[in-house]
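A short worksheet on the structure shown next.
Computed from a predicted model, the values in this text were never measured in an experiment.
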Amino acid sequence: MIIRYLKQFKTIYASLFVLIIWYLLHLIIKSNIIPNPFQTILVFIQLLQDDLLIHLAVSLTRIVFSIIIAVFCGGTIGLYLGMHEKYDLFFGPVIYLLFPLPKIAFLPVFMILFGLGNTSKIVLITTIIFFQILVTTRDSTKGLSREIFYSISSLGANKWQIYKHVVIPAALPKLFTALRISIGTSISVLFFAENYATTYGIGYFIMDSWTRVDYVEMFAGIIAISLLGLFIFKIIDYAERYFCKWALLEKKDSALF
C-alpha cells in the first residue's frame, strides 16, 4: 500500500523530502546562506506577483523553442542516417567528433554570430539537445531487425508507411528518454548563458539576487528553476503517454513477470 501511495503522490513526497533536508540544513548551519525554506516559499509566492513570472516565462520560451527545433532537426536527420548506412558511414565520424564537445564553449561564438539577445541562447540550447536526439534516434533506428522491414515490405507498404508504422514508433520511446537527459543539461547551460547580456531569465534573476546578497530571493529563484524543470519533465511524460501508449503497456506487462 505504501508503494502504491508513493507512486501516486511521488511529486509531493519528493517535495516534502527536499523541504525536510533543507530545513535541517538551515537549523544545523545557522547562517543566512541557507534561509528558512518556509520563509523562502512565502517570498517566492510574493515574487510571482512581481517580475519573477516574467523571468520564468522568458526562460521557458527559450527552452521550448530549442526543444521544437532540436527534436524536428535531430529526429529527422537521425532517422535518415539510421535508415541509410552509406550516409551514416560518411557523417557518423563527424557526429562522434562533435557530440562529446562541451557546447557551452561555443557561447562566445554564438554571441558573435547571432548577437547578444535570445537567438544566441536558443542556438546554444538547440545544439545541446540536437546531438542527443540525433544520436539516440539514429542508434535506435539502426538497431531495428532487417526482418521487420522485409515483413512489412512484403505486405505492400511504401517508404512513408514503413517510417510511420515501424521506424518512428520504434524510435519515439528512446527519443523521449534522450529528451529528458538533455533537458537537465540544457537548463543548467541556460542558467549560465542568461548571465550574459540579458536582463530577463531565471538565471539572471538568481545571479542578480546573489550579487545583492539576498539569499532568500536567490533560493526563491532556485525554487523557480526547479519548478521550470519539473514542468517540462511533466510535459514530456504526458507526451510520452500520449504518443507511446503501446510502449507503456509493454512495460506494465513485463513488470508482472
What donor-acceptor contacts under 3.5 angstrom involve side-chain atoms of residues 108-120, with partners at least two apart or in another chain?
unit_1 : atom_1 : unit_2 : atom_2 : d
Asn118 : OD1    : Arg62  : NE     : 2.7
Asn118 : OD1    : Arg62  : NH2    : 2.7
Ser120 : OG     : Gly115 : O      : 3.0
Ser120 : OG     : Gly117 : O      : 3.2

Discussion item. Test of understanding: with side-chain contact (heavy atoms from CB on, under 4.5 Å), list the residues that count as partners of Ile45, not counting sequence neighbours.
Written reply: Ile41, Gln49

Worksheet entry | Ring centers of Trp22, Phe219 separated by less than 6.0 Å | yes

Worksheet item: Tracing side-chain links under 4.5 Å among I, L, V, M, F, W and Y, which residues wind up in one group with Phe38?
Response: Tyr23, Leu27

Worksheet entry | Joint hydrophobic cluster, Leu98 plus Ile69, side-chain heavy atoms closer than 4.5 Å | no

Worksheet item: Can you list the residues that meet the ring pair (Phe, Tyr, Trp, His ring centres under 6.0 Å) rule with Phe90, with sequence neighbours excluded?
Response: none

Practice prompt. Treat each ILVMFWY residue as a node, draw an edge where side-chain heavy atoms are under 4.5 Å apart, and state whether Ile21 and Val18 are in one component.
Written response: no

Practice prompt. Assess whether side chain to side chain contact (heavy atoms under 4.5 Å, CB included) is satisfied between Phe91 and Ile77, documenting all intermediate values.
Written response: CA-CA 11 Å; Phe91 290 105; Ile77 297 174; over 6 Å; no

Discussion item. Strictly distance-based, threshold 3.5 Å: is any side-chain N or O of Ser59 a donor or acceptor partner for the main-chain N or O of Ile202?
Written reply: yes

Worksheet item: Restricting to pairs with a member in residues 125-142, which pass salt bridge (charged side-chain N to carboxylate O under 4.0 Å, His left out), not counting sequence neighbours?
Response: Asp88-Arg138, Asp88-Lys142

Worksheet, complete the sentence: Taking every heavy atom of Ala220 against every heavy atom of Leu52, the minimum-distance pair comes out as O-CD2, 4.5 Å

Discussion item. Within this structure, what is the CD1-CD1 distance for the pair Ile34 and Ile28, rounded to the nearest 0.5 Å?
Written reply: 10.5 Å

Discussion item. Side-chain heavy atoms under 4.5 Å apart, restricted to Ile/Leu/Val/Met/Phe/Trp/Tyr: what other residues fall into the cluster of Tyr96, or is it alone?
Written reply: none

Discussion item. With a 4.5 Å cut-off on side-chain heavy-atom distances among I, L, V, M, F, W and Y, is there a chain of contacts connecting Phe231 to Ile181?
Written reply: no

Discussion item. Tell me which pairs pass side-chain hydrogen bond (donor to acceptor under 3.5 Å, both in side chains) where either residue lies in residues 98-112, with sequence neighbours left out.
Written reply: none

Worksheet item: Going through the distances and angles, do Asn32 and Val216 end up as a side chain to side chain contact (heavy atoms under 4.5 Å, CB included)?
Response: CA-CA 8 Å; Asn32 292 332; Val216 176; over 6 Å; no

Discussion item. Please determine whether side chain to side chain contact (heavy atoms under 4.5 Å, CB included) holds for the pair Phe106 and Leu101, giving the CA-CA distance in whole Å, both sets of side-chain angles, and the decisive distance to 0.1 Å.
Written reply: CA-CA 10 Å; Phe106 292 97; Leu101 291 177; 4.3 Å; yes

Worksheet entry | Gap separating the OG1 atom of Thr61 from the CG atom of Leu56, nearest 0.5 angstrom | 10.5 Å

Worksheet entry | same_hphob_cluster(Tyr204, Phe44) at 4.5 Å side-chain heavy-atom cutoff | no

Discussion item. Quick check for you: to the nearest 0.5 Å, what is the distance between Leu228 atom CG and Phe233 atom CZ?
Written reply: 11.0 Å

Fill in: Sequence-distant partners of Phe72, ring pair (Phe, Tyr, Trp, His ring centres under 6.0 Å), two or more places apart
none

Item to complete: Please collect all side-chain hydrogen bond (donor to acceptor under 3.5 Å, both in side chains) contacts where either partner lies in residues 105-117, sequence neighbours excluded, each pair once.
Response: none

Worksheet item: What pairs with Tyr200 under ring pair (Phe, Tyr, Trp, His ring centres under 6.0 Å), at least two apart in sequence or on another chain?
Response: His55

Discussion item. What's the separation between atom CG in Leu190 and atom OG in Ser66, rounded to the nearest 0.5 Å?
Written reply: 7.5 Å

Please tabulate, for side-chain N and O atoms in residues 125-132, each donor-acceptor pair with protein atoms closer than 3.5 Å (sequence neighbours left out).
unit_1 : atom_1 : unit_2 : atom_2 : d
Thr126 : OG1    : Ile122 : O      : 2.6
Thr127 : OG1    : Val123 : O      : 2.7

Worksheet entry | Aromatic plane relationship, Phe243 with Phe176 - under 30° parallel, 30 to 60° tilted, over 60° perpendicular | parallel

Discussion item. Keeping Thr136 on the side-chain end and Ile133 on the backbone end, is there a donor-acceptor pair under 3.5 Å?
Written reply: no

Discussion item. Using a 6.0 Å cut-off, check whether atom OH of Tyr87 has over 12 heavy atoms from anything other than its own residue.
Written reply: no

Worksheet entry | Qualifying residue for side-chain contact (heavy atoms from CB on, under 4.5 Å) with Ser226, from Leu230, Ile223, Ile222 | Ile222

Discussion item. Using only atom types and a distance under 3.5 Å, with no angle test, would you say the side chain of Ser140 pairs donor to acceptor with the backbone of Thr137?
Written reply: yes

Response to the item:
In short, salt bridge (charged side-chain N to carboxylate O under 4.0 Å, His left out) pairs touching residues 196-211 with sequence neighbours left out are Asp208-Arg212

Item to complete: Using modelled atom types only, decide if a donor and an acceptor are shared between the side chain of Asp214 and the backbone of Glu217 within a distance under 3.5 Å.
Response: yes

Discussion item. Given 3.5 Å as the limit, does a donor-acceptor pair link the side chain of Asn195 with the main chain of Phe191, or not?
Written reply: yes

Worksheet item: Any side-chain heavy-atom pair from Phe205 and Ile54 closer than 4.5 angstrom?
Response: no

Fill in: Working for side chain to side chain contact (heavy atoms under 4.5 Å, CB included), residues Ile206 and Glu194
CA-CA 10 Å; Ile206 293 173; Glu194 286 180 337; over 6 Å; no

Worksheet item: Nearest heavy-atom pair of Leu19 and Pro37: which atoms, and what distance?
Response: CD2-CB, 3.9 Å

